[in-house]
Amino acid sequence: MKLLMSLCFCAVAGLVAVQGAPAGPRVKTVNGVVEGITAQSGVRMFRAIPFAAPPVGELRWKAPQPAKKWAGVRPAVDFASSCMQRPIFGDMEFRGKGTSEDCLYLNVWTPAKTASEKLPVLVYFFGGGLMAGDGSEYRYDGESMATKGIVSVTINYRLSVFGFLAHPELTAEAAYHSSGNYGFLDQNMALQWVQANIAAFGGDPKRVTIAGQSAGSRSVSVQLLSPLSKGLFSGAILESGSMVSAVKPLSLADAEKRGLEFMAAAGAKSLKDLRAIPAEKVLAMTAQPAWTRFEAIADGYQVAAKDLIECADKGELARVPLLLGWVTEDRNAQSLLGENPATPEGYSAAVRKLFGADADRVLASYPAGQTADQVLDAAQTLATDRGMGYNMWRLAEGHRQSSGQAVFRFLYGRPRPKFLGRADQLPGTAGGIITNAAAASSVPKWRGAVHSAEIEYALGNLATNKHYAWEPADYKLSEVMEGYFANFVKTGDPNGAGLPKWPAYAPGSGFQIMSLNAESCAVPETRQRYLLLDGILHKK
């Protein structure tokens with residue numbers, strides 16, 4: 001019998017090769033066969049694999065639907081389009097083809113040769129304020145982590161008005177009687193895809209760690225909270241972002257009211273009219289200050305409509321080990337000082353305005369010296385703890401006490417090295433690029449590690465960022481951080497050979513955290529500061 005070589009598939013434990021054809025690596029997923037490429041490192045890369053149906057037309061502002069099956073071999077070489085977004089952050093460098101509503105795709109990097117290897121899996125959610133970002137960004141590239149024996153995945157999820165609009169009509173048509181938070185549902189759908197398909201790429205669906213930074217970290221906390229995602233992952237990494245905080249998310253009723261106002265502003269009289277408006281025109285409305293942000297909603301479906309700190313304290317988060325932390329300048333000094341000068345008097349005035357009757361206790365816990373530098377250091381530390389550190393600490397504290405799972409805490413402190421761009425392209429402390437000289441001159445100098453500075457270090461991607469003069473100390477720190485992260489993905493514990501000992505955050509260790517810097521070491525946390533903030537910010 002004559003063999004049709006170009007059509008004959010030889011499948012070995014999920015990895016598919018085509019006889020008689022110079023094909024790239026092929027994997028058979030539930031929906032069909034994908035063909036990727038192989039990097040010089042030997043890592044196999046598969047880009048733009050659909051994990052859900054395109055959320056267009058009648059599917060705009062609906063929960064994601066399953067991806068359709070396809071016949072033949074689907075190329076998985078180029079990155080997909082980014083989800084609809086405006087160019088808000090100048091330091092985001094995408095590798096896809098523009099923006100589109102048709103954007104629910106994911107990327108896989110695997111070192112596995114066969115599906116029998118059962119390697120640990122890392123699924124990383126990008127940051128960007130739920131307004132911007134993409135799984136193709138260089139800083140999230142999964143190749144380096146894959147060389148450590150990990151199957152790495154990045155995903156896209158809907159953003160801004162496309163990902164987080166709520167409206168009474170949307171709530172009425174949804175079987176789950178809620179609306180908004182579609183971006184989080186996209187993430188959940190991607191995790192379901194991983195459970196169904198990652199074994200074919202050599203991954204172990206029982207060893208999946210989810211991770212993210214900023215809005216990506218907040219997304220991780222949502223998946224920890226969501227009953228929809230229980231059992232879809234076995235560990236979590238959170239960097240500078242938590243929904244568990246003293247600030248409650250917008251209620252569904254308030255979000256629906258805002259959705260009605262958005263519909264009126266768009267000139268639409270019904271949901272059908274709003275869905276008929278071209279995506280570009282809908283997106284353009286988000287350039288208006290009133291519609292710039294569409295946020296997470298306490299929808300009662302994914303995000304509980306109650307105190308999320310209480311959820312953590314009662315053990316309602318997924319009971320998995322956590323690795324989490326933040327950076328020393330997640331918020332800068334000026335964000336606390338406002339128009340006050342960097343003097344002891346100016347600092348005191350700012351603290352009294354923010355904390356009222358509690359100001360004396362706060363000033364005692366965050367004392368400022370007499371010099372401007374001492375004042376700025378105190379203001380930056382308090383601003384970061386108030387705006388970021390407390391939220392992260394409170395999630396960790398509740399989870400540590402209620403889950404029975406290990407929690408590993410870090411504080412990242414290495415400032416970025418010399419910036420190689422122009423003065424009018426100075427990166428801001430929120431991770432964005434300041435694009436004019438006047439604005440750049442108003443930004444205080446970095447006094448620590450700015451928001452998002454640690455990503456390239458943790459994922460081994462310093463070399464892909466050409467905007468900084470990386471030094472040997474930076475590469476050393478990256479090697480240490482990537483080692484910690486890789487070990488945690490593999491075992492739920494960051495410790496391993498050649499790395500400084502990282503104790504779990506617990507009474508038995510003296511509540512030590514890992515100080516990540518040019519020289520990394522475990523240090524005791526100034527715990528009383530967070531206990532103080534807890535009593536002030538989270539009134540019992």
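Computed from heavy atoms alone, side chains included, the values below leave out hydrogens, waters and symmetry copies. Here, residue 1 is the first one in the sequence, and each next residue gets the next number.
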Without hydrogens or angle criteria, can the side chains of Glu316 and His399 be said to hold a donor-acceptor pair below 3.5 Å?
-> no
Within a strict 4.5 Å, meaning less than it, do heavy atoms of the Arg139 and Asp91 side chains meet?
-> yes
How about Phe164 and Phe184: are their ring centroids closer than 6.0 Å?
-> yes
Roughly how far, to the nearest 0.5 Å, is the CG atom of Leu411 from the OG1 atom of Thr328?
-> 6.0 Å
With the threshold set at 4.0 Å, does a side-chain nitrogen-carboxylate oxygen contact exist between Lys476 and Glu519?
-> yes
Stepwise, does the side-chain contact (heavy atoms from CB on, under 4.5 Å) test hold for Trp109 with Phe46?
-> CA-CA 6 Å; Trp109 291 261; Phe46 301 85; over 6 Å; no
Ring-ring centroid check Tyr468 Phe419, cutoff 6.0 Å | yes
Are Arg400 and Phe511 close enough that some pair of their side-chain heavy atoms sits under 4.5 Å apart?
-> yes
Residue pair Val450 / Val327, side-chain heavy-atom distance below 4.5 Å | no
Donor on one side chain, acceptor on other, Thr371 and Asp373, under 3.5 Å = no
Could you list all the salt bridge (Lys or Arg N to Asp or Glu O under 4.0 Å) pairs where at least one residue sits in residues 234-244, not counting sequence neighbours?
-> none
Salt-bridge test for Arg293 and Glu295: reply yes if a basic N is under 4.0 Å from a carboxylate O, no otherwise.
-> yes
So how far is it from Cys521 SG to Leu516 CG, rounded to the nearest 0.5 Å?
-> 9.5 Å
Check for a donor-acceptor pair, side chain of Thr384 on one end and backbone N or O of Thr381 on the other, with a separation under 3.5 Å.
-> no
Flag for Gln187-Ser219: side-chain donor and acceptor within less than 3.5 Å = yes
Before accepting this row, confirm whether a basic side-chain N of the pair Lys314/Glu310 lies closer than 4.0 Å to the acidic partner's carboxylate O.
-> yes
Can you pull the side-chain hydrogen bond (donor to acceptor under 3.5 Å, both in side chains) pairs that have at least one residue in residues 454-464, sequence neighbours excluded?
-> Glu456-Asn465, Tyr457-Asp474
Hey, is CD on Glu479 packed in by over 12 heavy atoms from elsewhere, all under 6.0 Å?
-> no
Determine whether Pro249 and Arg218 make a side-chain contact, defined as any pair of heavy atoms from C-beta on separated by less than 4.5 Å.
-> no
For the residue pair Phe408 and Tyr505, is the inter-centroid distance of their aromatic rings smaller than 6.0 Å?
-> no
Between Glu397 and Arg527, is there a side-chain N and carboxylate O pair less than 4.0 Å apart?
-> yes
Run the ring-centre check on Tyr412 versus Trp326 and record whether the distance is less than 6.0 Å.
-> no
Would you call Asp385-Arg331 a salt bridge at under 4.0 Å N-O?
-> no
Tell me yes or no: between the side chains of Ser242 and Asn391, is some donor less than 3.5 Å from an acceptor?
-> no
Take the angle between the ring planes of Tyr530 and Trp393 and call it parallel below 30°, perpendicular above 60°, tilted in between.
-> parallel
Cationic N near anionic O, under 4.0 Å, Arg394 to Asp313 | yes
Please determine, by modelled atom types, if Ser348 and Arg352 share a side-chain donor-acceptor pair under 3.5 angstrom.
-> yes
Using the salt bridge (Lys or Arg N to Asp or Glu O under 4.0 Å) rule, take Glu471 and Arg414 through it: C-alpha gap first, then chi angles, then the decisive distance, then the call.
-> CA-CA 12 Å; Glu471 301 169 0; Arg414 181 164 175 81; 3.2 Å; yes
Where does the angle between the aromatic ring planes of Phe126 and Tyr157 fall among parallel (under 30°), tilted (30 to 60°) and perpendicular (over 60°)?
-> parallel
